[in-house]
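Heads up: the structure comes next, in structure tokens.
Chain letters run A, B, ... following the sequence lines, proteins first and then strands; every chain starts at 1.
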2 protein chains.
Amino acid sequence: MESGAVTIIRNCGLFCGLSEASFAKIAEIARIVRFKRGQMIFREGDPCPGIYVVGEGAVRIFKLAPNGKEHVLHFAYPGATFAEVAAIGRFNCPAFADATEDSVCALVPEAGFRRIADEDHAFCIEMMTGMAKWVHTLVGLLEDLVLRDATSRVARHLIQSDSSEGQAEFTLPMRKKDLASHLNLTSETLSRTLHRLVECGLIETREQRIRICELPKLQDVADGLAPAEFA
Amino acid sequence: MESGAVTIIRNCGLFCGLSEASFAKIAEIARIVRFKRGQMIFREGDPCPGIYVVGEGAVRIFKLAPNGKEHVLHFAYPGATFAEVAAIGRFNCPAFADATEDSVCALVPEAGFRRIADEDHAFCIEMMTGMAKWVHTLVGLLEDLVLRDATSRVARHLIQSDSSEGQAEFTLPMRKKDLASHLNLTSETLSRTLHRLVECGLIETREQRIRICELPKLQDVADGLAPAEFA
DNA sequence: GTTAGACCTTGACCTGGGTCAAGCCCGGAC
DNA sequence: GTCCGGGCTTGACCCAGGTCAAGGTCTAAC
């Protein structure tokens with residue numbers, strides 16, 4: 001195992017709580033994989049190669065419709081894992097993945113993961129609750145897409161991005177077209193929506209940088225209460 | 001414990017594989033709960049009372065938007081469980097639930113479930129993979145809502161409902177308005193869509209009964225290949 | 001430098017599916 | 001029986017957001 005993989009796995013949300021014994025087992029078989037920007041990592045339907053842990057860069061997980069439309073399910077940044085659901089549930093890759101930046105990942109082959117799950121009860125419980133959280137997140141996403149309009153979705157996403165950094169200002173970590181796809185919008189609509197929010201003074205933008213000026217009002221927009229100035 | 005709850009739990013997908021020891025523990029604390037048609041079972045945000053197992057009837061799990069629009073996440077019929085995700089992940093109820101028919105459920109309080117998860121490794125693994133399957137299902141739902149149009153969604157749902165019974169004919173187990181909500185449509189649009197499918201000869205309907213006449217063509221519609229007659 | 005190709009923005013236009021409204025049918029209360 | 005309310009269908013109309021097209025800007029390649 002390359003030394004890099006150990007570090008990556010130590011620092012990821014999923015495996016950082018492992019017992020020393022379990023960790024040693026994973027360390028034996030994990031390996032480093034590198035991807036260039038734009039490179040495809042796997043395709044929907046591919047056999048699942050194991051659990052990927054992002055060390056550097058950024059990975060985009062997305063679905064492709066027969067007509068070519070794509071929908072970004074989520075982004076994985078350093079410390080996050082992907083393909084873990086397929087590994088646990090023993091299905092093939094349920095979506096596509098590619099690197100949006102030059103990226104370094106640790107790959108834990110499925111067999112290794114399975115051995116740990118069989119032996120390490122605490123890990124198993126953690127995975128169980130981890131999956132439950134995933135379900136929770138997905139239900140939230142679904143709710144968003146189904147119950148809110150474009151403007152609310154954008155506002156909500158901005159608030160969430162912000163609160164995770166705890167400041168009033170942050171940088172969008174992905175291209176706008178990918179964000180648009182994640183929110184089930186076209187990039188045109190996202191562009192127009194951000195523009196309207198700027199015009200109303202709720203946010204300011206400069207390139208990929210976004211500052212929230214009027215959080216309470218933005219919150220109202222996210223909740224579907226169209227403020228008067230949204231004529 | 002009432003005798004009924006034992007039977008219900010024995011026959012449900014989630015707990016039927018339990019070891020005798022684990023089963024005995026659950027049996028000690030499970031109890032029967034009954035709901036009248038239309039009765040609310042829990043509300044979004046309520047503390048999670050435990051895992052419900054449906055014995056008879058039908059339960060509808062749904063989200064409510066601030067503007068009153070509702071979205072049906074799924075239906076639980078005899079043998080199915082609900083609220084299990086919240087119980088495992090330790091969050092409050094993430095949605096509303098009500099009975100669409102007079103229903104009988106077994107309720108396994110969260111504490112009891114947790115004890116078993118702590119002690120029964122095989123059960124724990126089963127829950128883990130069960131949750132992974134849930135994620136898989138939800139991603140499929142999301143994909144459906146986002147990548148397909150109304151007609152494809154309806155066609156796909158019909159095919160799935162059918163294949164689960166393995167015949168060319170089946171009865172919709174829910175009201176059309178609830179199905180519409182599940183597919184993120186209004187009941188008007190569902191009505192019109194079914195009507196078009198009937199006109200094209202792909203299906204026949206009589207009340208809640210639906211017969212698929214041209215499965216291959218219906219499959220094409222589900223895949224977004226609009227057949228010529230869909231002018 | 002300049003050419004090529006992503007992005008992103010903005011405008012003009014179009015359409016799938018929602019909204020509103022009317023009418024039918026059926027089952028349950030009385 | 002008759003009344004009432006909910007579910008379902010159908011038609012007419014409308015609008016949020018998609019599509020198409022035209023620049024503008026930045027980076028990467030040569």
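Looking at A/Tyr52 and A/Val59, their side chains never come closer than 4.5 Å, going by heavy atoms from C-beta outward.
A/Leu179 has its CG atom 11 Å from the P atom of C/dT9, to the nearest Å. Rounded to an integer number of Å, the gap from A/Arg175 CZ to C/dT9 C1' is 17 Å. The separation between B/Leu183 atom CG and C/dG16 atom P is 19 Å, rounded to whole Å. Rounded to whole Å, the distance from CG on A/Asn67 to P on D/dG18 is 13 Å. Atom CG in B/Asp178 sits about 11 Å away from atom C1' in D/dG7, given to the nearest Å. At whole-Å resolution of the value, CG in B/Leu190 and C1' in D/dG7 are 12 Å apart. When rounded to the nearest whole Å, the span between CD of B/Glu207 and P of D/dG6 equals 20 Å. Nucleotide C/dA6 holds its C1' atom 9 Å from the CZ atom of A/Arg37, rounded to whole Å.
Donor-acceptor pairing under 3.5 Å is lacking for the side chains of B/Ser181 and B/Asp178. In the model, B/His157 has a side-chain atom that pairs as donor or acceptor with a side-chain atom of B/Ser161 under 3.5 Å.
Residue A/Arg192 places its side chain closer to C/dT10 than to any other of D/dT9, C/dT10, D/dG7.
An OP1 or OP2 oxygen of D/dC8 is reached within less than 4.0 angstrom by no side-chain nitrogen or oxygen of B/Lys176. The phosphate of D/dG17 (OP1 or OP2) has no side-chain N or O of A/Thr186 nearer than 4.0 angstrom. Applying the 4.0 Å criterion to OP1 and OP2 of D/dC8, one finds that B/Gln208 has a side-chain N or O inside that range. When the side-chain nitrogen and oxygen atoms of B/His195 are compared with OP1 and OP2 of D/dT9, none of them lie within a distance under 4.0 Å.
Judged purely by atom type and a 3.5 angstrom limit, B/Thr171 has no side-chain atom pairing as donor or acceptor with the backbone of B/Arg209.
The residue among A/Glu188 and B/Thr189 whose nearest nucleotide of DNA chain C is located toward the 5' end is A/Glu188. With the nearest nucleotide of DNA chain C identified for both A/Thr205 and B/Arg148, A/Thr205 has the one nearer the 5' end.
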A/Ser103 and A/Val54: CA distance, side-chain angles, deciding distance, side-chain contact (heavy atoms from CB on, under 4.5 Å) verdict
CA-CA 8 Å; A/Ser103 299; A/Val54 182; 5.6 Å; no
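Across all strands shown, A/Asn184 has heavy atoms under 4.0 Å from sugar-phosphate atoms exclusively, and none from any base.
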